Amino acid sequence: MKQLFAEIFIWWHGQTMGTRLFTALNGKFVGEDDAGNKYWVSKKDPKRRWVTFNGPVEASAIQAGWHGWMHGRTDVPPTEQNYQPKAWEKPHHENLTGTASAYRPKGSMLVEGERPNVTGDYDAWSPE
């Protein structure tokens, strides 16, 4: 019952009832990534592709191999080819911008503690 309620009213977490119905009628399952996101293609138009997220809807949750397929850069999904990431590719990480875990460089106003003094050739302006 809780899942049904969530699908009717909570569009930002997974799929809604409308997406589920559209996918059941028009979608052909293509594959699933390591995060549990499911990828679909239209039965009528192979250029129309979509993803149902496993968890919150966040575009940065689409992994690199699937990103190219989703944006039409390749017509072969990673499940149909032996996709191997390059040695220089890092594992996928979600976008943490706007969260408490976001990157905050040294000197940022959001870093805890006291901000370091300005050094170098900068002199703060003071009105006379």
Side-chain angles (χ1 to χ4, degrees):
M1 189 60 138
K2 181 179 175 183
Q3 180 65 26
L4 176 66
F5 181 77
E7 285 187 16
I8 293 172
F9 295 106
I10 307 175
W11 60 266
W12 59 88
H13 187 71
Q15 62 181 340
T16 61
M17 287 298 280
T19 303
R20 182 181 291 273
L21 181 63
F22 178 83
T23 301
L25 296 175
N26 302 310
K28 176 182 159 197
F29 180 71
V30 176
E32 186 173 344
D33 65 13
D34 298 337
N37 299 326
K38 295 180 181 176
Y39 297 87
W40 306 85
V41 65
S42 173
K43 294 176 184 174
K44 297 175 185 174
D45 181 11
K47 300 250 185 237
R48 185 169 182 167
R49 302 164 182 178
W50 65 94
V51 59
T52 52
F53 292 95
N54 180 25
V57 175
E58 173 59 47
S60 69
I62 297 175
Q63 297 177 355
W66 285 101
H67 184 270
W69 180 80
M70 283 290 296
H71 292 278
R73 294 187 176 185
T74 179
D75 289 331
V76 182
T79 54
E80 292 181 14
Q81 65 183 10
N82 189 12
Y83 175 77
Q84 294 295 325
K86 306 289 185 202
W88 46 265
E89 287 184 289
K90 293 183 177 182
H92 182 270
H93 295 287
E94 66 178 295
N95 184 354
L96 299 174
T97 303
T99 68
S101 300
Y103 172 70
R104 291 178 172 79
K106 182 179 176 183
S108 169
M109 295 176 71
L110 298 174
V111 173
E112 291 184 16
E114 191 171 321
R115 189 168 179 186
N117 291 332
V118 178
T119 60
D121 60 350
Y122 176 77
D123 292 323
W125 176 79
S126 62
E128 298 183 274

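Worth knowing before you read on, the calculation uses all heavy atoms, side chains too, and leaves out hydrogens, waters and symmetry mates. Everything quoted here is computed from the prediction, not taken from an experiment.
- The side chain to side chain contact (heavy atoms under 4.5 Å, CB included) search around L21 returns L25, not counting sequence neighbours.
- Surrounding NZ of K28 are at most 12 heavy atoms belonging to other residues, nucleotides or ligands under 6.0 Å away.
- Shown here for G65 and P78, the closest heavy-atom pair between the two residues is O-CG, 3.2 Å.
- Looking at F53 and E58, their side chains never come closer than 4.5 Å, going by heavy atoms from C-beta outward.
- Taking NZ of K38 as the start and OG1 of T23 as the end, the distance is 10.5 Å to the nearest 0.5 Å.
- When side chains are defined from C-beta on, T79 counts as touching W66, because their heavy atoms get closer than 4.5 Å.
- With contacts defined as side-chain heavy-atom distances shorter than 4.5 Å, the pair V41/R49 qualifies.
- Side chain of N54 to main chain of A35: a donor-acceptor pair is present (N/O by atom type, distance under 3.5 Å, no hydrogens or angles).
- Within the 4.5 Å cutoff, the side chain of Y103 has no heavy atoms near those of the L96 side chain.
- Contact between Y39 and E32 at its shortest, heavy atoms only, is CD1-CA, 4.5 Å.
- Between W69 and W40, the shortest heavy-atom distance links the atoms CH2-O, 3.4 Å.
- Heavy atoms from other residues, nucleotides or ligands lying under 6.0 Å from CZ of R104 number more than 12.
- Follow the hydrophobic side-chain contacts under 4.5 Å out from V30 and you reach I62 in the same cluster.
- The nearest pair of heavy atoms linking N37 to D33 is N-OD1, 2.9 Å.
- Around atom CG of D34, no more than 12 heavy atoms belonging to other residues, nucleotides or ligands sit under 6.0 Å away.
- F29 and M70 are not part of a single hydrophobic cluster, where members link through side-chain heavy atoms under 4.5 Å apart.
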